[in-house]
Each structure stands twice: as C-alpha cells, then as structure tokens.
Amino acid sequence: MRGYDHKKIEKKWQKKWEADNIYTTPDTSPKKDNFYLLTEFPYPSGNLHVGHWYAFSVPDILARYLRMRGKNVLYPIGFDAFGLPAENAAIKNKLNPRTWTEENIAYMRKQIRSMGASFDWSREVVTCDPAYYKWTQWLFLQLFKKGLVYQKETAVNWCPNCKTVLANEQVVDGRCERCDTEVVQKQMLQWNIKITDYADRLIDDLEKLDWPREIKESQKNWIGRSEGAEIDFPLAIDDVKRIILLHGKGGSAVGAWKPWLKMKLEAMGYEVQIPALPNTNEPNDEEQADYVQKHCTLDEHTAIVGHSFGGVVALRLLERGVKVRRVALVATPYSGVYLDGKERPSVTAILKKGFDFEKIKKQSDFVLLYDTNDHVVPMSDGEAFAEKLGCYLVRGKGVESHFNGAVEPDVFLAAVPAIRVFTTRPDTLFGATYLVLAPEHPWLTLALQHKTVLKNHGEVQSYVDQSKKKTELQRQTGEKEKTGVRLERVEAVNPATGGKIPMFVADYVLGHYGTGAIMAVPAHDQRDFEFAKKFNLPVQHVLATTIQSTAGADAVHAREPFVEKNAVMCIIKHWAKDEYLCIKWRDYDVRAFVSGGIEKGEDAVAAGIREIREETGYLNPKFIRHVGGPSIVEFYHQRKKENTRTRFEYLYFELEDGKQEEISTAEDAKHEIFWKTFAELSGYLTIKENAKVLGLLATGSEGAYVGEGILMNSDGFDDMSSEEARRAITEKYGRLKTTYKLRDWIVSRQRYWGVPIPIVHCKKCGAVSVSEEDLPVVLPEVDDYLPEGTGKSPLAKKREWVEVKCPSCGGVGERETDTLDTFVDSSWYFLRYADPLNSEEFASKENQKQWMPVDLYSGGAEHTTMHVLYSRFWHKALFDLGLVADSEPYVRRMNRSLILGPDGQKMSKSRGNVVDPDAVVERLGADTVRMYLAFIGPYNEVSSYPWNPDGVVGVRRFLERVFRAEALVVEADTDELSESLHETLKKVGEDIEQMKFNTAVSALMILLNAIEKAKTVSTSQWDVFLRMLAPFAPHVAEELWSVRHQGTIHDEEWPEYDASLIARAMRTIVIQVNGKKRGELRVASDAANDAVESDARQQIAPHLEGKRVLKTIFVPGRLVNFVVV
RNA sequence: GCCGCGGUGGUGAAAUCGGCAGACACGCUAGCUUCAGGAGCUAGUGCCCGCAAGGGCUUGGGAGUUCAAAUCUCCCCCGCGGCACCA
C-alpha cells in the first residue's frame, strides 16, 4: 500500500521514542496520580510467541490511555530468569546456563521492543542478577528468622527423570509437569515455608478484594478449608473381657476416675478389677506386682490400665512373664518414680529401673501409651518412651486433668484407646456403621507390629504393602472401585449409639488428610455407600430431607403449627407412549405428580394405587419400584389453609393399559390430567420436590443422600436440623476442628540454576542463617550441571564453596546446596520495580508508598493457585514483618485469555499450528498485530480465541484506510460528524477502562466508515480520531499526527466528549404491536410521547385495524408498544 | 462427583439496570475495477415460505414471569477451567 509503510514508520518512531525517553516513569510526577499496571514478567525461553504479544501489547493500550488521561503510569518489564529449562539446555548443549539465559534475554528484549509497547526499560528486573537475588535471599532470611521456614523430612514428589523434587502444583495427574515422567514418593529433608499458617487469612482476605469470582473460588478451593469435628471412637478388642486398673502412688487421680471408669467399662460389658494396692508414698513396683499377681486374673482376656506409677507396675508384671492381651500406660513417663526422693519424674527414671523392654513387648499384643502434654515433662520424653516400647501414643488434653478431680473422657480413652476421626458431618454420627483407617494410619502400623492383634494379620499386612506400592498416579487415576480389608478381632464403639462397629483398612481414606481415619456413614456419603454395598455393611439412615416448598403452594406461614402427615408421590408412565402423567390443579396453577396421604395402617403401594384411581380413574397401575424417600416436605397447603409437614415415599408405576373409570365430578373439578415426555416434564412441574423425584427416577439409584436434613434415628437429636445437630453433637461427642488441603510450600530445589539458600549447616549450631553483610551468597560457577541424582544439587560437588565457617560459632560449617524454587523469586519482583536500583534495601518505604499496591495485575489463569497465591502469602508475611504497608499486593487481578492456533487448537510445535509473531509483524506491522489482538475478543473475560490469519488482514485494511482518510482532511469547520465522533469518544474511553478493547476497536471502525461516507473530515475532528487511535496503533497515529503537529501524540491529552452533542442525536424508535416489531420511527431525542404515538399509529395502521388498544407502553428513546386485542 | 465460567449466524463476536437479536470484522455470493496483490470498490449475506411486497421462525432444550426475555426464575443437556476417594 502506498501510504502505509509499516516497516519504515515503526522503526522510525521506536527509535525516536527511545531517544526521547518518553516512557521513563518518574516515581512522582507533579499533579499526576500514580498508576501501577503490572503484567507477569516472562521466562526467557528464547523466543516471543503470540501469547507474549497478547500479554504485553494489549494492556499497553490501557497504559497509554491512562497516561493520556493524566496518570503517571508504571508499566514495567523484566525476566523471571532462573529455572529448569536453562539448566536442561546447559546439560544438553554444554552451555553455561547464565550465558544461555543472558543471550535469550538480549534477543527477547529486541523482540519486545518491536511491539512498540510503552515499557519503562530503566526499571528492568532480572531475577538471576545477584543485585536482585541478594534481596531474595535477604527476604528469605527474614522469614527464616520469623520461624516461617523449617526443614522437615517429608515424603516429597520425586521425578526420577529430572532427579529433583517437585512441588505439588508441578505434579499433573501424578506425572511431572515438565517431562511427564511418573512421579514417585521419596523421603527427603526439605526446606518448607509455613504457608499453612496463613491459610485462613489467604481465604478470608479474598473478601476484601474486588477480584473475579472465578479466581477467588479457585484459590479457596485450592486451600480447601473444611470446618468439622474430631470425634474419638473407642476401640474394643473382642477377646478382652476384663480390665484391671492400677492406680499410682498416693492414690493420685485414682480417687476421682476409678468409680466413673468402672461404671463406664462395665456398661460396655467388661469385667473390671481394681486391686486395692497399698497406698504409700514410697511404693515398690516389685511388691505391688506381687500383690496384683495374687489378687487379679491375668490371662489372654485381660487388659491392664496403669496410671502413673501403676504403669510401672504393669511393666514389671510383663517382665515377669505375665501374658495379657493389652496394656495401657496412662501418664506413665510422669510417674512418681523417685529413685532418691529428689529426681523429677521422667522416662530416664523409669529406664533406670532396668526393664527388659524386648521381653515386655512380647508379653502383650501391644502397649498403649497415653501421653498428655508437656506441662510437666517435655513431650519428647513421651515420644522417646513410646519409641522404646514400640508404643502407640495417644495424645490427651493435659496432665492436670488427672489431678483436678474432674471426670475426664481422656482417662477413659486410656483404658479403651480410641481412633480419632475427622468429619464435616458430625450430624450423621448416629449413622456411622463402620470405621475406616488409611493404610498409613499409625495405630494400624503398630497393630501390625504385633502379629497377634489382628486375626487376619497376614491379609491386612499384604493389603497395606500393596497400597504402599501404588504410586500417586495409580491412586489417583486408577480404579476408583473401593477396596479394603476388615480388621478382624478389633471393633470400634460408636460413641453416640454405644454400639460396636467393624473396622476396615481401605485406600479410599487418605493418610495425609484429617486424621487418616474416617467414620463411615453409608447412608449419607457416596463413597461410604459404595464401600458398604460391596462389603455388605449396614446402612443406617439418620437424615430425612426437608424441602420448604415455595412454588404453587405458598411458603410455610411463619409461627403457625404444622400438621404432620405420611404420603406417597406417584410417577406414572403411560401404557403405550413414553410419557408421564402430570396433574394440574385448576384453581392454584400447580402442576405436580399424583400424590396423597397414606391412611392409618395402609401400605404405601396400596395408598399409591388408591390415589391413582381416585384422581385419574386409571384402573391398572402396576407398581415397579420404590424410587426414593423418605423425604420431609414442608409447605402451606392452599386448600386446607394449614402448614403441612409431610413425609413422602416416592413410587414408580406403569399403567398396564388405558382402562379408565369415570372420576368423580368433585375430583374432576379440582384438576386436569396431562401427559408429558420426560424432558418436558422437568420444566413443567411447579413443585421442586416433584422435579427431584424425577431426577431420582432418571439416575435409577438412590445412593447416599448427602444433603442436609432433619435428624431421625438419633436419640435426643431427632428433629433437629443438620445445622443444629452439628453443633450439638460436636459439643457432646467431639471438638471443633478445621482442616485444610493446602500443604506447606516446599521451596528446596536440588538444582543448580536458582538462588542459593543462604543457610550454613553447623554440627554445633544446626542450620544458621548467613549473616546479612555476606549477602548475596553468589551462585558459583561449576563444571558440571548434572544433578547428582542422590537428591543433592550440583553445588554439592563444589567442595571449596560448600565448606565455610559457621556464621554463629566460627566452627566448621557447610553451605546449604539446595536452591530456591523460582516461585520465591517471583513472589516479590513487583516490589523491586518500584525501586530497582536500590542497593541498601529491597525497596525503600518511600518508593513502595508511591507504587504499592499494584493497581492492576494481568496474567495467566495457570498462575491462580501458584504464583498469585504464593505472592499473596509472601506479601502477608512481609506485612507482618513490617516490611511492606499492605496486607495484599494486588488491588485488582485479571486473568488473560488464551490465543489458539488457526485450527482452534492450542498452539504447539508438534501440531504445526504455531503463529510466529515476528513473521506477521514483518509482513503487516506491529500496529496491526496489536490491534488485531485487541479486536479478537473481550480482554476482561477468560476465554480462548483462535488466531485467524484473515482476521489480521482485516485490521491491516482498516489501518490502510486510516492512512487514505488523511486525504479527506480539510481545514474548514464542519460538524457533520460531530455527533458520531463524540459518541465514539465516549464509547472508546469507557470500553478501554473496562478492558473491552474489542468493542472500542469496533467503534473506531464505525467512525472511520462514517468519515469515508462523509468524504470529508475537519482537522480538529481528525486530531480527535488520531488521539483515540494512538493507544491502539501508536506508530500509525504518531506518523499521521506528525503531518500537522510537532511533538509526540503520546504526550497529548485524551479529548473530552461533549455530552450535549450526544444527547441531541436523532434516535430510532421501534414500533411494536403486542411485542412484535411492526415499524420504526426517527425522532429527536426530546420528542413528546403524544407526537410519537400518533406518528406511530399512522405508520402501522394496518396492524391496528379492527383491534382495540388496551395499553400503550413508551420507553423513551427506544420504543413504543401497543397492546391490542 | 464438587466448585467456577460459559453455550447467540459458516467464523471471532455485539447487545445483559428486560425494550430493534446478530453491531464491527472475517468468510462467502454477484458485479465492477486494476500499476496482478494476501489489493480496491459496489451490492447482498441468520433460517424458512414468497418473483416481490410481505409473513413466519430463531440466542443449547423445556417450562414460567412479563405488554416485552439472549438478558429474570425453575428443571434438564452440552462445552471449558480448577479441584478431585479431601471424609
């Protein structure tokens, strides 16, 4: 095209803008408000793709617009330069990762500049620059000092191919996000950051943010907070018949708990023996043991509970060769074992007694240690003791409870150890008919160490072994079919019903969530239901559904009593057609199934048949099956004028034939009958409950009812709502507990190309932070970038770097050789943009104040639960440290859409549908590409748009027409176009602010069409047009601006629209008759209704002929509608 | 399964405080033009009936509210994204 040589003008203006530094952003600008527009900085992969153009050039429209609007806009750019690809390339091509990265950055800088985006390059941030990562290390150390960083031996995701640890987020369907290798679990010592400490705030603070719902929901979902209860289910081992209680010295707590415990245990069917041990302050365990052996029955049906010193006695008994089923030691590490009258009660003291623990272990199925807390002795003492004994450790509420005389359930637990479950549905506790443990559950692990605990030890052991072998992948994608093994000889006691229930191990229960054990309520949990069906376990319903009907029948009348009823609801299929019967009440416009009350002593099916005959006259309905129920429906009965609470059973009938008797006139007057297909029916019914039944019929099975309801079969809790019952049952049988799916953030990477973790390990002082004046810990050059494969990074091979003095004691130390996850680098980069050259601080308070928080952050949806969540957490941690002023980093966040290949598929080299932006820019110019991407669809919604090669050409044509329109510019004043010009001005401004760039471009196109049609445009109007075009096509606008102006268009102000001009524009009014368009009318916007009506009547006279106009509806400036009969 | 978002011509889409459905652009059809290009101009282009005037239908399906529904309500279906045996 003659006028428009994109190559020439783009190069020309880019050079000029750069030379003039027009995009260098000062921290403050007189009389201008600051605006911080952020887009995610790119990874220097080496080549810019269309996605980058979409990410950078489209928000640039907003940046430029806001500048014209008088804002001081920061629109920065940088590179997220650490990470695996550089290292992989280094290994593959024997390059230095730094060289590889820097070359890529240099190339991509050029490419980004070709966009003509208004980035302020003077603030560029590169994360692999020591001047940047010095502060990454410094910030990490601040978190370390605050206690938010810890090292832990964790089962982590290990990729055997990359030979590194992956974050949970980097595992996709059990495979490595990068190389698709199956991920395995491996125990490793890892650096973790306590993001879970912030779980509540990360959810709760979302409320304050005006973000798209979808982003908030994803984050909430990811954090996965559930509020529920922990409930203890006591264990019963069926051949324990007798429990012997041994109290401590001086009687200790025994006076308080003995009678209560005896009563409780006897109620459960145990025989209880309490030997009257000599009560002395200086007991002798040998003497006491003699006494017990003499007075008590000690055999394989006996369990011993030893409290405090009583526990020592129990141990002594075992050592003597006494064989019993089970022993529980209550608070025994704290027992009054005073060797010399002075020593604190402790494990050490017990150990000095010289027990033969190996022998003790063999004398009993297992020993349970009931530990309390560390008010008296450190918790670790209890742990050490448990380890020595191979004990199952039960954690209790506090040692003081044993001395305060209160009746404590904890003591009871010690006698009869319990499995603690987590549930979000304590309201269904009475329906818990069995218990399931995860294969990793610690109690099970202990039980398996003693071959005699479980009758089917071998079977259980092999199931546990098998599920351990299953990788994460198999557990996630493999068979969802429930498997499991019953734990024979042990049972649990449902604390609510007191009934004994079976226990299972099954891998549908996860070891790492909740307590690793669940109460199974098959009636009200689908998974439990499936398991129960398979293992033929009882299903106990404890909830009736409740629906408060609103449609047709009125909502219940408040404060009026309910009339209780039993009823059936009948779905009736036609004898020949695939249609279902529906009756419509004549008076109330209620469309429903046949339903009616069950009379006293009547069978539900009989009642159904009777009702069908009465209401429809059909003689031969055949009962097919029960579809659902019971379900309690509350509604206001229109005819009877009373609140009704009805318990419905749902029955499905098929008519055998069409034989029908005359129905009574009374019935006929009430309703009429319709036959509808299944599909029609769902929309046709007016009562919710009917539609629900239809759903049940369609799915064919009831399954578990997982909704809320009214309790039944739950003793004192009957008739409570689920919500009430949750509170009441939790209070009585458990305690409130909140759990999260979110796990702590593992930040160690066993890789070279990352920020070295600034920690030194010292034999004496442990993990010590590098002192601040020694930062940065510079990433050293190494010869070989291959990870060792042992789990250590290549840095470990560099001994002279690793060996260093301990910053604390000066002794021999070793540097940490892991590097940080790159998500740490990107958790604060936006702060650095505010003050990129500061060598004293990561960013000065003053500069932060100018720019933070970020006004608008645009990025990819894939970062919602990763980068965005991590950086929110990081910012909160810095906020708590007083390092930043806001608790949230981003005022607004928006996710960008995806640009697909021309075939509508995701662009990929293997599909061969990759669009190379450089080539398109070469052919059609940067302005065309920018504007096309703006035009492709709304930027403020997440979607995906295929790149249409013809569509780009269309935009190019538009720009060429803009160039040609220059010839239409005349000096003379004309206002022919002014109304549409100002309408466009208004629309374009508003659309840009809402990021609806597509309709803004469309408005510009419409205006250009009008200019071409007018054949002439005044200079002032043309100037306005060019200024509107400037944010979209900066080079073209600048070129055409320079025809008549000095100075850059990008320093111009955005023109204000004239509202009065828009108001005076003519309007088209639509004329409707009964809502159908019959004509239209051009009127001035201030035309009177009367005038409009008479004109309109005239125009559509034929449509009104012989009709009577009931009503005329005016919508000013839009339409007039005649309602006629 | 749960949560979220969405479903409008041949295509990208527009219109959502209820008020002309399909703006703008691509593509397609016909004609014109041409310094032969991935060019320009003019007209047409949701579907059906009709030579036309005109009429009917149409926003995933069904039902409802309303003078009026893509837009609001209810039920169902489909697509995309996230989570996923999370108790």
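Just so it is clear, the values below take in all heavy atoms, side chains as well, and ignore hydrogens, waters and symmetry mates. Throughout, a chain's letter reflects where its sequence line sits, starting with A, and its residues are numbered from 1.
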Novice: Rounded to whole angstrom units, what separation is found between the CZ atom of A:R1078 and the C1' atom of B:rA68?
Specialist: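 That distance rounds to 14 Å.
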
Novice: Name the pairing partner of B:rC67, where a pair is Watson-Crick or G-U wobble with both distances under 3.5 Å, or state none.
Specialist: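 With both distances under 3.5 Å, B:rC67 matches B:rG19.
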
Novice: Does B:rA14 have OP1 or OP2 under 4.0 Å away from a side-chain N or O of A:N998?
Specialist: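 For A:N998, the contact criterion (side-chain N or O under 4.0 Å from OP1 or OP2 of B:rA14) is met.
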
Novice: Would you say A:Y508 reaches B:rA87's phosphate, i.e. side-chain N/O to OP1/OP2 under 4.0 Å?
Specialist: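 For B:rA87, OP1/OP2 do not have a side-chain N/O of A:Y508 under 4.0 Å.
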
Novice: Expressed as a whole number of Å, how far does the P atom of B:rC2 sit from that of B:rG62?
Specialist: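 The answer is 25 Å between these two P atoms.
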
Novice: Which whole number of Å gives the distance between the C1' atom of B:rG64 and that of B:rG18?
Specialist: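 Looking at atom C1' only, B:rG64 and B:rG18 are 15 Å apart.
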
Novice: With rounding to the closest Å, how many angstrom separate the C1' atoms on B:rG60 and B:rC67?
Specialist: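 My reading of the C1' atoms in B:rG60 and B:rC67 gives 27 Å.
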
Novice: Verify the neighbour count for atom NZ of A:K906: are there more than 12 heavy atoms of other residues, nucleotides or ligands below 6.0 Å?
Specialist: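 Atom NZ in A:K906 is not crowded, with 12 or fewer foreign heavy atoms closer than 6.0 Å.
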
Novice: Tell me, with the steps shown, if A:R1097 and A:E1093 meet salt bridge (charged side-chain N to carboxylate O under 4.0 Å, His left out).
Specialist: CA-CA 6 Å; A:R1097 272 181 187 272; A:E1093 179 172 355; 3.2 Å; yes

Novice: Would you say the base of B:rC85 and the side-chain of A:K482 have a donor-acceptor pair closer than 3.5 Å?
Specialist: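 For A:K482, whose side chain was compared with the base of B:rC85, there is a donor-acceptor pair (under 3.5 Å).
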
Novice: B:rC41 and B:rG6: how far apart are their C1' atoms, nearest whole angstrom?
Specialist: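 Their C1' atoms lie roughly 40 Å apart.
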
Novice: Quick check on the 6.0 Å ring-centre criterion: do A:Y939 and A:Y54 meet it?
Specialist: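 Centroid distance A:Y939-A:Y54: below 6.0 Å, so yes.
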
Novice: If I pick the C1' atom on B:rG38 and the same atom on B:rA23, what distance separates them, to the nearest angstrom?
Specialist: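 It comes out at 26 Å once rounded to the nearest Å.
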
Novice: Suppose we define a pair by two distances each less than 3.5 Å, Watson-Crick or G-U wobble; what does B:rG44 pair with here?
Specialist: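 Paired with B:rG44, as far as the under-3.5 Å criterion goes, is B:rC28.
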
Novice: If you compare every side-chain N and O of A:T999 against the phosphate oxygens of B:rA13 (OP1, OP2), does one of them come in below 4.0 Å?
Specialist: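 Checking A:T999 against B:rA13: no side-chain N or O falls below 4.0 Å of OP1 or OP2.
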
Novice: Just N and O in the side chain of A:H863: are any of them under 4.0 Å from OP1 or OP2 of B:rG81?
Specialist: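 False: A:H863 side-chain N/O out of range (4.0 Å or more) of B:rG81 OP1/OP2.
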
Novice: Side-chain N or O of A:R957 versus OP1/OP2 of B:rA39: is the shortest distance under 4.0 Å?
Specialist: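 Result: yes.
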
Novice: Considering only the C1' atoms, how many Å lie between B:rG7 and B:rU45, rounded to the nearest integer?
Specialist: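 Per the computed distance, 24 Å lies between those C1' atoms.
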
Novice: So, does A:K741 get its side chain near the phosphate of B:rC2, meaning an N or O under 4.0 Å from OP1 or OP2?
Specialist: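 Indeed not, no polar side-chain atom of A:K741 lies that close.
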
Novice: Between the base of B:rC83 and the side chain of A:N221, is there a donor-acceptor distance below 3.5 Å?
Specialist: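 Side chain to base: no pair below 3.5 Å.
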
Novice: Looking only at N and O atoms, is any donor in the side chain of A:R923 or the base of B:rG38 less than 3.5 Å from an acceptor on the other one?
Specialist: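 Per atom types, the contact qualifies.
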
Novice: Is there a Watson-Crick or G-U wobble partner for B:rG81 with both distances under 3.5 Å, and which nucleotide is it?
Specialist: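 The base-pairing partner of B:rG81, which may sit in any strand shown, is B:rC3.
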
Novice: If we take the P atom in both B:rU33 and B:rA21, what is their distance in whole Å?
Specialist: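 Here B:rU33 and B:rA21 have their P atoms 40 Å from each other.
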
Novice: B:rU8 pairs with which nucleotide, Watson-Crick or G-U wobble, both distances below 3.5 Å?
Specialist: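 When the pairing criteria are applied, nothing turns out to pair with B:rU8, so the answer is none.
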
Novice: Between B:rG22 and B:rU71, how far apart are the C1' atoms? Round to whole Å, please.
Specialist: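 Their C1' atoms lie roughly 15 Å apart.
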
